[in-house]
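Reviewing the structure listed below.
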Amino acid sequence: MTTVNLFRLGVLTSGGDAPGMNAAIRAITLKGLSAGFEIVGINAGYNGIFNLDTQILSAQSVDNIIQRGGTLLKTARCSQLREEDGPRLAAEKLTQLKLDALIIIGGDGSFRGAVKLAEFWPKPIIGIPGTIDNDINGTDQTIGFWTAIDTALDSIDKIRDTADAFERIFVVEVMGRDCGFIAMESGIACGAEQIICHELIEDEETYLAQLYNAILHAVTWRQTQSYVIVIAEHSLSISSAELAKRIADFTGVDTKSAILGYIQRGGAPVAMDRVLATQLGISAVKTVCEGKTGLMIGMKNNEMVEIPFAQTGLKNTHNQDLIKRLKHFNFDLTD
């Protein structure tokens, strides 16, 4: 491995928080220190660059954080970076901070910001995918995804208990922005009767008509004592509450909605996320040492990969296999 002459390595977390971000910060810090770097933690995402808000990270700083949710460095979305002169000003601030390289832990928006920043700051910038949505192209998994699945699954299992007790229908909304992975994985794992995400829907009116009829058939013939529908946010033009009301009106069965919301972004990361974050963090530092820039470090087929930021757009626009898997696991609806 060729090592370039670097001294101050910056790291920040940006966008939505994800369980495992602390594990990544820890790995970057420990690997960076072993490579002879001074590790500069930038607080509150890109906002910390503009505000020159930083902290020096030591081995003691990251001791006992691998199991903690959230992020030691805090996170935020930064409107200033999206302004016309924002990237140039951010580059000037990075120069003031005397940074020699920057590692960004975040999602699609964070990487778009990195691309803009690189136009004015020529030093190495490396990304690590940290988002519960698992919607980044080029990597099989993102930090926080597996914990979000387990959190959603635990909640849905509890909802199933009360749904079964009352013989109710429940519409459970999970996160995922514009990607159906959380709905798919948690829906399969909890034995949901239906999984709804926009990847499955070509014509909403036709889809909903099929859905209502499938539910009516199931409850009429008592195929199940309860009926759980897991839906990804923003899948339909109507809300989860409105969908529940329409199902109740159509079937005559008491139907409730539940939005899991931000609970999916918190909590101690599961082992998969801790291991993934550690591997990505170590690989990111190695990539910096090689003098590379403009790359996201991801995991593909259990191997570390380097993906140019320009190719890390939203996964659902590329992954046709996802749609096939979702259709396979839905019940009672025709393809």
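Between Phe250 and Asn213, some side-chain heavy-atom pair lies under the 4.5 Å cut-off. Between Leu97 and Val40, every side-chain heavy-atom pair lies at or beyond the 4.5 Å cut-off. Between Asn134 and Glu185, the closest side-chain pair of non-hydrogen atoms is not below 4.5 Å. Between Arg26 and Asn22, every side-chain heavy-atom pair lies at or beyond the 4.5 Å cut-off. Counting heavy atoms from C-beta outward, Phe37 and Lys31 have side chains that stay 4.5 Å or more apart. In this structure the side chain of Met304 reaches within 4.5 angstrom of the side chain of Met299, judged on heavy atoms. Proximity of Ile229 to Ile215: side-chain heavy atoms (C-beta onward) are separated by under 4.5 Å at one or more points. Side-chain contact between Glu306 and Ile297 is present, with heavy atoms from C-beta onward closer than 4.5 Å.
Hydrophobic clustering keeps Phe111 apart from Leu280 (ILVMFWY residues linked when any side-chain heavy atoms are closer than 4.5 Å, directly or through intermediates). Neither Ile105 nor Ile125 shares a network with the other; the hydrophobic side chains, linked directly or stepwise wherever heavy atoms of I, L, V, M, F, W or Y lie under 4.5 Å apart, form separate groups for each. Follow the hydrophobic side-chain contacts under 4.5 Å out from Ile238 and you reach Leu200 in the same cluster.
Expressed to the nearest 0.5 Å, how far NE2 of His234 lies from CD of Glu173 amounts to 7.0 Å. How far OG1 of Thr255 is from CZ of Arg246: 13.5 Å, rounded to the nearest 0.5 Å. Interatomic distance, SG of Cys179 versus CZ of Phe145, reported as 8.0 Å (0.5 Å rounding). Rounding to the nearest 0.5 Å places CG of Asp157 at 4.5 Å from CG of Leu153. Considering OG1 of Thr13 and CD1 of Ile143, their distance stands at 10.5 Å, rounded to 0.5 Å.
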(request) In sequence, state the C-alpha distance, the side-chain angles, and the governing distance for Asp178 and Asp135, and then conclude on side chain to side chain contact (heavy atoms under 4.5 Å, CB included). (result) CA-CA 8 Å; Asp178 297 314; Asp135 60 354; over 6 Å; no
(request) List the steps, then state whether side chain to side chain contact (heavy atoms under 4.5 Å, CB included) holds for Cys197 with Met184. (result) CA-CA 8 Å; Cys197 55; Met184 178 186 72; 6.0 Å; no
(message) Walk me through whether Thr147 and Ile132 qualify under side chain to side chain contact (heavy atoms under 4.5 Å, CB included).
(response) CA-CA 8 Å; Thr147 306; Ile132 68 168; over 6 Å; no
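A salt bridge between Arg8 and Asp100 is absent, with no side-chain N of the basic residue lying under 4.0 Å from a carboxylate O of the acidic one. Ion pairing between Asp249 and Lys245 holds under the 4.0 Å rule for side-chain N and carboxylate O.
Within 6.0 Å of atom CD in Glu205, 12 or fewer heavy atoms from other residues, nucleotides or ligands are found, so the atom counts as exposed in its surroundings. At most 12 non-hydrogen atoms from other residues, nucleotides or ligands lie less than 6.0 angstrom from CG of Asn302. In this structure, Leu52 places its CG atom where more than 12 heavy-atom neighbours from other residues, nucleotides or ligands lie under 6.0 Å away.
Among pairs with a residue in residues 112-126, those fulfilling side chain to side chain donor-acceptor pair (under 3.5 Å) read Asp108-Arg112, at least two apart in sequence or across chains.
When Asn51, Asp53, Thr75 are each tested for a side-chain hydrogen bond (donor to acceptor under 3.5 Å, both in side chains) with Asn43, only one passes: Asp53. A side-chain contact (heavy atoms from CB on, under 4.5 Å) with Met296 is found for exactly one of Val305, Ile136, Asn137, namely Ile136.
For Gln194 (side chain) and Leu211 (main-chain N/O), no donor-acceptor pair under 3.5 Å exists by modelled atom type.
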